[in-house]
Amino acid sequence: MKDFAVDVFGVKKIGANRWRKEFFWPVTDDEYFALVREISRVFFDQVRNTSQTLQDIMLSNVALLQQYSMIMHTLLVITRIREMGYDLVFDDRSRYYSDILAQRNAEPAGQVRPSFSQRFRNNLKHMIKLLGRNHFSCGSIVKKVMTEKRVVSLGSFGHLKGEYCRRNKLIVSHMSSIDFLRLLPSTAQRHAKVEEIEERTDCLVERLLEVSRGIGLFSDEFLERYLKGVSAQMLYISYWVYWKIIRDFARKIDLLLLGEVAKPLNKAISFGLKNRFGTRIVGFEHGNTFGCHLSPFFAANELSHCDEYVVSTKKSIRNYVEAQKESICPYGIETQISSTGTDFYRILASKNHQCPLPRKIETVMLIGFPMNQYRYLGFPGHFSMMHLHLELRLLDFMNRMGFRTVYKVHPDRKKEAEGIFEEFSGSVTSEPFENVVHLCDAYLFAHTDTSAFGIAVCTNRPIIVIEIEGKIWRGNSFELVSKRCRIVQAWIDKWGRVIFDEKCLKEALREEVEEPNQEYFQGLMID
């Protein structure tokens, strides 16, 4: 039988050169997005028709949409590839393929408790953040003493949250989700709502099995068990945290500053605190993308548990409000979207523009896609296998034209990328993007919904963007991007390959270097 790689580890086993010549993907974007829409309709029907507690738990786990979609996607790939006579090649780290092919159940996780070493590391990080990132001043100390309000920062702590603390003269306690779990009492009583979760899970899975049959997948006993296991794994942990906060948590928190707003555990904590104490939840965007690309699930996933959502700049608020209004369900549509305003990008641009313009483009940095197992819900071609094929061809194209190349590995996916790109790129770096911005004369982005793009705009380097047909831009973002960047049109063919306009890319690479247009920077990144 012929080999067919379904993950990046499979590509390494086959060999990247051979894989690149033979690549196709058996599930189209149209099919996948139709599947996602059907799964989301089923999921939000279950959210609407339930108690407030279960609604909170399910909204904490909008991430289940990704899980369900990937399970169905994996089953479609397995079915079609086997029918074509291929043998699947992958690594056990690709959870869905390894579980489904081994008929291995996704068991519900137990109660999460941090280890001693985790507690030690987290306490050290907590102390560093307490000393280094709080706004200690006479005004903030007086405010802290006079109000006696407890302010906690949960999750990541970037420049945006720091700016919010400074502007509001806040002294806060910083902790991770693991830190917070350590504060919860160790009671182990069973609560009646657990039965309600079990019933809701059974109903949800029954509807999902109907979806699987609708796309021609055989719904066997294993698939039912697997879907229930995945659901329980996430829903029970969220409920365990939520219930302990509501029933037993005694340390009142008045204001929670929330990073990593879409993480299920952070959302469950937020819903629990809101119900227990009326805690005000202020969430913070991930950063540097300015709302240019937001999916229809944005409001339910990132806003439903927040009273306020802080974005990088005031000028970018309209993009987030537009996506909020287009939400596919009525959750998070009343959350206030605000901005403190920031000088971060102005200062960064001033620093980066001290570096002289290159005389011409000789070295190009290709910004890597996160090579994980997920096919994302809302963007065309937004899948590691499609992007890997595209990136290898882009590197090969630039090499043949005589350009030096630098491949910038996504920082969370070093292991996946290791051993593939060294053969195709002059150099490979996994350093933070802001530390390596001057290693090249131009940047090439095959996707712009990454925090690296905002950093790149703050330089004077040319930016080339591979624009895949069908991508949704908010407001006038694309008009502004087109003035700052050199746009290369691309589309997805019937084999699932991203095809780019080679003539257009060649012209973009050879175009003279000039001071960049500042309308995107002025229009979205500074207030």
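When each of Tyr32, Tyr374, Tyr376 is paired with His382, the ring-ring contact (aromatic ring centres under 6.0 Å, His included) condition holds for Tyr376 and for no other. Of the residues listed (Tyr164, Phe157, Tyr309), the one engaging Phe284 in a ring-ring contact (aromatic ring centres under 6.0 Å, His included) is Tyr164, and it is the only one.
What you find for Phe369 and His447 is that their closest heavy atoms are CA-CE1, 3.8 Å. In this structure, Val261 and Glu302 approach most closely via the heavy-atom pair CG2-OE1, 3.7 Å. The minimum heavy-atom distance linking Ser231 with Val205 is given by the pair OG-CG2, 4.3 Å. Considering every non-hydrogen atom in both Phe344 and Thr342, the closest pair reads N-OG1, 3.0 Å. For the pair Val310 and Ser339, the tightest heavy-atom approach, listed with the atom from each and the gap, is CG1-CA, 4.3 Å. Closest approach of Val437 and Tyr443 over heavy atoms only: O-OH, 2.6 Å.
A salt bridge links Asp202 and Lys228; the closest N-O separation between the charged side-chain nitrogens and carboxylate oxygens is under 4.0 Å. With salt bridges taken as basic N to acidic carboxylate O contacts below 4.0 Å, one links Arg207 and Asp45. We find that Lys12 and Asp91 are not joined by a salt bridge, their nearest charged nitrogen and carboxylate oxygen being 4.0 Å or further apart. Between Arg104 and Asp99 a salt bridge is recorded (basic side-chain N to carboxylate O distance below 4.0 Å).
In this structure, the separation between CD1 on Ile317 and CG on Leu524 is 11.5 Å, given to the nearest 0.5 Å. In this structure, OG in Ser295 is found 7.0 Å from CG in Leu377, a value given to the nearest 0.5 Å. Atom CG in Leu59 sits 7.0 Å away from atom CZ in Phe43 (nearest 0.5 Å).
You'll find the side chain of Val436 reaches within 4.5 Å of the side chain of Met365, heavy atoms only. Side-chain atoms of His73 and Phe383, non-hydrogen and from C-beta on, do get closer than 4.5 Å to each other. For the pair Thr53/Tyr242, a side-chain contact is recorded, criterion being any heavy-atom separation below 4.5 Å from C-beta on. Residues Leu65 and Val36 have side chains not in contact (no heavy-atom distance under 4.5 Å, counting atoms from C-beta outward). The closest side-chain heavy-atom distance from Lys161 to Ser153 is below 4.5 Å. Considering only heavy atoms from C-beta on, Leu154 comes within 4.5 Å of Phe180 through its side chain. Within the 4.5 Å cutoff, the side chain of Leu184 has no heavy atoms near those of the Asp248 side chain. Here the side chains of Val11 and Met385 are in contact, with some heavy-atom distance below 4.5 Å.
Side-chain contact check for Ser94 and Gln373: no donor-acceptor pair (N or O, by modelled atom type) lies under 3.5 Å. Between the side chains of His293 and Thr448, a donor-acceptor pair is found at a separation under 3.5 Å.
Judged purely by atom type and a 3.5 angstrom limit, Ser425 uses its side chain to pair as donor or acceptor with the backbone of Tyr407. Side-chain atoms of Thr335 come within 3.5 Å of backbone N or O of Leu303 as a donor-acceptor pair. The main-chain N or O of Ala456 is found under 3.5 Å from a side-chain atom of Thr459 such that the two form a donor-acceptor pair. A distance-only check finds a donor-acceptor pair linking the side chain of Ser98 to the backbone of Asp92 [under 3.5 Å]. At least one donor-acceptor pair under 3.5 Å links the side chain of Ser40 to the backbone N or O of Arg37. Looking only at distances, a side-chain donor or acceptor of Lys408 sits under 3.5 Å from a matching main-chain atom of Glu431. In this structure, the side chain of Glu391 does not engage the main chain of Leu366 through any donor-acceptor pair within 3.5 Å. Side-chain atoms of Ser350 do not come within 3.5 Å of backbone N or O of Arg346 as any donor-acceptor pair. In this structure a side-chain-to-backbone donor-acceptor pair under 3.5 Å is present from Thr279 to Leu273. With Arg276 contributing its side chain and Phe249 its backbone, the two residues share a donor-acceptor pair below 3.5 Å.
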With side chain to side chain contact (heavy atoms under 4.5 Å, CB included) as the criterion, how do Lys471 and Asp449 come out once you've worked through the C-alpha distance, each side chain's angles and the decisive distance to 0.1 Å?
CA-CA 11 Å; Lys471 194 166 190 177; Asp449 45 309; 2.9 Å; yes
Starting from the C-alpha separation in whole Å, work towards a yes-or-no answer on side chain to side chain contact (heavy atoms under 4.5 Å, CB included) for Val230 and Arg95.
CA-CA 11 Å; Val230 169; Arg95 166 190 170 190; 3.3 Å; yes
Might you work through the side chain to side chain contact (heavy atoms under 4.5 Å, CB included) test for Glu416 and Asp7, ending with a clear yes or no?
CA-CA 9 Å; Glu416 287 85 343; Asp7 65 8; over 6 Å; no
Does the pair Leu255 and Lys149 meet the rule for a side chain to side chain contact (heavy atoms under 4.5 Å, CB included), with working shown?
CA-CA 8 Å; Leu255 174 63; Lys149 288 186 176 181; over 6 Å; no
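Ring centroids of Phe290 and Tyr345 are separated by less than 6.0 Å, placing the two rings close together.
In the displayed structure, Lys351 atom NZ is contacted under 6.0 Å by at most 12 heavy atoms of other residues, nucleotides or ligands. Surrounding CD of Gln336 are more than 12 heavy atoms belonging to other residues, nucleotides or ligands, all under 6.0 Å away. The local environment of NE2 in His286 is sparse, with at most 12 non-hydrogen atoms from other residues, nucleotides or ligands closer than 6.0 Å. Environment of NZ in Lys315: crowded, with over 12 heavy atoms of neighbouring residues, nucleotides or ligands closer than 6.0 Å. Atom CD1 of Ile328 is surrounded by more than 12 heavy atoms from other residues, nucleotides or ligands within 6.0 Å. Other residues, nucleotides and ligands contribute over 12 non-hydrogen atoms within 6.0 Å of the CD atom of Glu422.
Sorted by first then second residue, the salt bridge (Lys or Arg N to Asp or Glu O under 4.0 Å) pairs that include residues 50-61, not counting sequence neighbours, number zero.
Aromatic ring pairs are classed by plane angle as parallel below 30°, tilted from 30° to 60° and perpendicular above 60°; the pair Tyr331 and Phe44 is parallel.
Residues satisfying the side chain to side chain donor-acceptor pair (under 3.5 Å) criterion with Glu285, sequence neighbours excluded, are Ser312, Tyr320.
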